[in-house]
Amino acid sequence: MSKSFQSPSGMHDVFGEQYDYFEKIREVFSRMATTYGFEGIEIPIMENAKVFSRGVGEHTDIIEKEMYAFKTKGGDQVALRPEGTAGIVRAYIEHNLYTKSQPIKFFYFAPFFRYERPQAGRYRQFWQFGLETIGKGGPVVDAQIIAVMYNVLRELGIKDLMIEINSMGESKCREDFEKVLKKYLRKESSSLCADCKRRMKKNPLRVLDCKRCIKVKESAPQIVDHICPKCREDFKKVLEYLEELKIPYDLNSFLVRGLDYYTNTVYEFFAPGEEGRLALGGGGRYDGLAKLLGGEETPATGAAMGVERTVLLMKNDGIKVEKEKPKIFIAQLSDLAKRKCLKLFEEFREAKIPVSESFGQDSLKGQMSKANKMKVDYTLIIGEEEAAEDRVIVRDMESGQQESLSTKEVVKEIKKKLK
RNA sequence: GCGGCCGUAGCUUAAUGGUAAAGCACUCGGUUGUGGUCCGAGAGCAUGCGGGUUCGAGUCCCGUCGGUCGCCCCA
């Protein structure tokens with residue numbers, strides 16, 4: 001077929017098996033989040049661009065080169081959301097949610113957009129499932145959010161999860177540390193790579209993330225040694241809670257998350273992928289974000305995981321998602337039979353037994369073939385004779401044995417057989 | 001945004017520069033109302049798109065669009 005159109009680069013249609021994985025993740029996640037007291041939220045896929053540039057940070061790559069930003073016909077500068085947190089905090093402020101009993105706990109499963117060069121597990125439209133707790137914060141909230149995500153991923157069957165964790169301190173600590181780090185980097189600048197020389201000025205913390213400048217990092221000052229006693233105490237508590245919950249973690253004093261709004265606890269989830277390890281997602285505290293968006297200073301913590309990456313990992317690990325498939329197929333011949341089948345179909349639906357059919361197909365052969373492809377356990381056949389006598393042939397698809405039952409008892413009998 | 005590799009049917013792959021093939025999947029048959037296995041047949045708008053070299057391009061060259069991997073960054 002000659003194809004005139006393709007989906008935009010880095011954006012994909014989700015259907016078939018991929019959709020089933022999405023549904024599985026959505027189902028496990030929303031059930032888990034709900035039991036921990038989180039409520040679902042949906043917000044617009046675009047916002048005033050400032051919500052992101054102020055919240056995420058003017059000089060982050062996300063804002064500088066990855067945001068889908070454009071002007072509307074009315075002249076508003078808007079942007080497709082590159083991440084979830086900033087928009088949810090905007091909603092929190094807009095709807096005066098601080099007047100409600102705190103904290104507000106939200107969960108979401110939604111698409112996001114970043115203009116980047118696509119790669120496996122990295123797309124221009126990608127999905128995340130995430131949690132935000134706003135209005136009351138502290139170590140216990142951090143630990144709980146990590147626990148929910150950990151449990152979701154475990155329940156999905158992902159093994160060998162690793163959590164790397166660090167504390168960046170509150171914004172004051174962070175600023176102080178940046179000064180100390182800058183001083184050190186300036187001294188070592190001759191041995192820094194070209195990228196890091198640039199980073200040194202704009203975003204010195206990111207140097208700690210560099211894979212090339214390992215030597216320089218080794219003797220670099222570490223954030224945890226420079227944060228204030230209160231922040232250090234908070235961090236220690238997070239770690240204690242995680243130990244209490246038996247959630248394994250690794251301290252990574254070089255872990256720095258890219259977005260400006262993070263404070264204190266930051267973490268990332270990893271799992272072994274096909275080559276090396278794969279980052280599934282991460283999160284952290286962002287006590288300063290609400291203020292950046294014009295609200296009061298509000299404690300908050302959140303985390304988000306990449307759906308496509310989770311699927312990738314599930315597939316790598318050979319984790320299958322089982323859809324609930326109908327175990328019964330109804331086949332019909334003749335108009336009268338069709339009418340009886342429609343009625344029978346409703347009876348099964350009321351009995352909550354999923355049934356499939358192919359009423360549009362008239363040949364029994366075709367219908368049997370379809371039943372076979374659907375791998376049903378039993379096929380009910382109603383032909384002209386059966387329809388007239390109010391009977392149904394029940395065929396066991398594995399053994400090929402058939403019996404004739406009256407229409408009245410068939411639902412009850414099938415229920416028995418399926419047990 | 002930069003660099004490497006890749007692009008033939010729904011899928012997996014063939015085709016020393018010389019008629020674009022096969023398997024799987026699909027559809028229909030193998031007597032009236034019975035699936036899978038088997039046998040037979042059929043169908044398929046396939047060389048991503050656009051240029052160039054050539055008597056002749058799936059094959060060589062350029063561009064472009066996608067994909068993929070790395071960088072950057074991150075989910």
Side-chain angles (χ1 to χ4, degrees), chain A residues 1-12 16 25 56-57 59-67 81-85 109-130 149 193-196 198-199 203 206 209-212 255-259 268-271 273-276 278-283 302-313 329 331-334 337 358 361-387 393-402:
Chain A
M1 196 169 3
S2 124
K3 283 148 195 156
S4 307
F5 298 107
Q6 290 172 273
S7 65
S9 177
M11 300 191 175
H12 299 284
I25 294 166
V56 175
H59 296 295
T60 57
D61 270 32
I62 292 183
I63 301 305
E64 272 187 347
K65 56 177 207 186
E66 295 173 4
M67 203 155 67
R81 57 188 180 195
E83 57 96 52
T85 304
F109 184 106
F112 297 94
F113 305 84
R114 288 184 204 172
Y115 190 85
E116 300 181 86
R117 189 74 191 265
Q119 276 174 38
R122 195 183 82 181
Y123 309 110
R124 288 184 174 176
Q125 173 172 345
F126 59 97
W127 292 69
Q128 287 188 335
F129 55 99
M149 286 305 190
C193 70
D195 284 325
C196 282
R198 185 173 48 81
R199 287 192 189 115
N203 201 349
R206 291 232 62 91
D209 236 9
C210 182
K211 281 152 205 130
R212 257 166 281 153
L255 178 68
V256 170
R257 301 220 3 117
L259 316 186
E268 286 179 10
F269 281 66
F270 297 93
E274 262 186 339
E275 285 168 42
L278 185 72
L280 278 168
M305 298 293 140
V307 174
E308 287 90 345
R309 290 184 179 189
T310 305
V311 172
L312 202 63
L313 220 63
F329 187 96
Q332 45 57 46
L333 285 160
S334 89
S358 184
Q361 210 160 11
D362 283 334
S363 90
L364 183 56
K365 200 169 178 169
Q367 295 182 74
M368 291 301 290
S369 169
K370 188 137 191 187
N372 182 54
K373 275 172 200 149
M374 290 181 162
K375 296 195 172 85
V376 298
D377 295 343
Y378 298 96
T379 299
L380 312 187
I381 303 164
I382 301 184
E384 244 167 317
E385 262 175 55
E386 290 77 19
I393 295 172
V394 177
R395 180 181 178 88
D396 181 322
M397 292 301 276
E398 201 168 338
S399 68
Q401 284 184 347
Q402 300 189 171

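All chains are named by letter (A, B, ...) in the order of the sequence lines, taking the proteins before the strands, and each is independently numbered beginning at 1.
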Practice task
Give the dot-bracket string for RNA chain B, reading 5' to 3', where a pair is Watson-Crick or G-U wobble with both distances under 3.5 Å, ( ) marks pairs inside the strand, [ ] marks pairs crossing earlier ones, | marks a partner on another strand, and . marks unpaired.
Solution key: (((((((..((((....[..)))).(((((.......))))).....(((((..]....))))))))))))....
Exercise for the section: Would you kindly check whether a donor in the side chain of Gln119(A) faces an acceptor in the base of A75(B), or vice versa, at under 3.5 angstrom? Expected result: no
Completion exercise
Between CD of Glu66(A) and C1' of C72(B) the distance, given in whole Å, is 9 Å
Handout entry: Euclidean distance, atom CD of residue Glu116(A) to atom P of G67(B) [Å, nearest integer]
Key = 13 Å
Exercise for the section: Could you check Ala304(A) against Gly10(A) and say which one's nearest nucleotide on RNA chain B is further toward the 5' end? Expected result: Gly10(A)
Exercise for the section: Could you work out the separation of U27(B) and G67(B) based on their C1' atoms and round it to a whole Å? Expected result: 32 Å
Exercise for the section: Would you indicate whether the side-chain heavy atoms of Phe129(A) and Thr310(A) approach each other to under 4.5 Å? Expected result: yes
Fill in the blank from the handout: Glu268(A) atom CD is separated from C73(B) atom C1', nearest whole Å, by 11 Å
Handout entry: Heavy-atom donor-acceptor pair, Arg124(A) side chain to Glu116(A) backbone, under 3.5 Å
Key = yes
Handout entry: Distance, C1' atom - from C62(B) to A57(B), rounded to whole angstrom
Key = 15 Å
Handout entry: Spacing between Arg114(A) atom CZ and C73(B) atom C1', to the nearest angstrom
Key = 9 Å
Practice task
Give a yes or no on whether the backbone of Pro82(A) and the side-chain of Arg114(A) come within a donor-acceptor separation of less than 3.5 Å.
Solution key: yes
Exercise for the section: Please measure how far the P atom in G63(B) lies from the corresponding atom in A22(B), and state the result in whole Å. Expected result: 36 Å
Exercise for the section: Enter the distance from Met11(A):CE to Phe126(A):CZ here, rounded to the nearest 0.5 Å. Expected result: 10.0 Å
Exercise for the section: Report which part of the nucleic acid Gly283(A) touches: base, sugar-phosphate, or nothing (heavy-atom distance under 4.0 Å, all strands). Expected result: nothing
Exercise for the section: Indicate the atoms forming the closest heavy-atom contact of Leu278(A) with Arg309(A), along with that distance. Expected result: CD2-O, 3.8 Å
Exercise for the section: In whole angstrom, give me the gap between the P atoms of G58(B) and A46(B). Expected result: 13 Å
Handout entry: Inter-residue atom distance Met368(A).CE - Ile381(A).CD1, 0.5 Å rounding
Key = 4.5 Å
Exercise for the section: For Phe112(A), report the nucleic acid contact type (base, sugar-phosphate, nothing); a contact means any heavy atom under 4.0 Å. Expected result: nothing
Practice task
Take atom OH of Tyr123(A) and atom C1' of C73(B), then tell me their distance rounded to the nearest Å.
Solution key: 16 Å
Problem - Rounded C1' spacing from C45(B) to U8(B) in Å - result: 15 Å
Exercise for the section: For Pro118(A) and Ser9(A), work out which heavy atoms get closest and say how close. Expected result: CG-OG, 3.7 Å
Handout entry: Stepwise side-chain contact (heavy atoms from CB on, under 4.5 Å) test for His12(A) and Glu308(A)
Key = CA-CA 11 Å; His12(A) 299 284; Glu308(A) 287 90 345; over 6 Å; no
Practice task
Would you mind classifying the nucleic acid contact of Ala279(A) as base, sugar-phosphate or nothing, using non-hydrogen atoms under 4.0 angstrom?
Solution key: sugar-phosphate
Problem - Value rounded to 0.5 Å, distance of CE in Met67(A) from CZ in Arg81(A) - result: 14.0 Å
Exercise for the section: Rounded to the nearest 0.5 Å, what's the gap from OG on Ser334(A) to CD on Glu385(A)? Could you check? Expected result: 10.5 Å
Handout entry: Interatomic distance at P, U47(B) relative to A41(B), whole Å
Key = 27 Å
Problem - Rounded C1' spacing from C11(B) to U16(B) in Å - result: 28 Å
Fill in the blank from the handout: When rounded to whole Å, the CD to P distance for the pair Gln125(A) and G67(B) reads 13 Å
Practice task
Please say whether more than 12 non-hydrogen atoms of neighbouring residues, nucleotides or ligands are located less than 6.0 Å from CD in Glu384(A).
Solution key: no
Handout entry: Nearest-Å distance for atom pair CG/C1', residues Leu280(A) and C74(B)
Key = 13 Å
Completion exercise
Given protein heavy atoms under 4.0 Å, the one-letter contact record of nucleotides 24-35 of chain B, with B base, S sugar-phosphate only and - none, is simply --SS-----BBB
Handout entry: Approximate separation, where rounding is to 0.5 Å, of Met374(A) CE and Ser358(A) OG
Key = 7.0 Å
Practice task
For nucleotides G10(B) and G44(B), find the distance between their P atoms and express it as a whole number of Å.
Solution key: 12 Å
Handout entry: Between CG on residue Asp396(A) and OH on residue Tyr378(A), distance to nearest 0.5 Å
Key = 5.0 Å
Exercise for the section: Report the distance from atom CZ of Arg117(A) to atom P of C6(B), rounded to the nearest whole Å. Expected result: 15 Å
Problem - RNA chain B contacts made by residues 306-313 of chain A, counting heavy atoms under 4.0 Å - result: Gly306(A), Arg309(A)
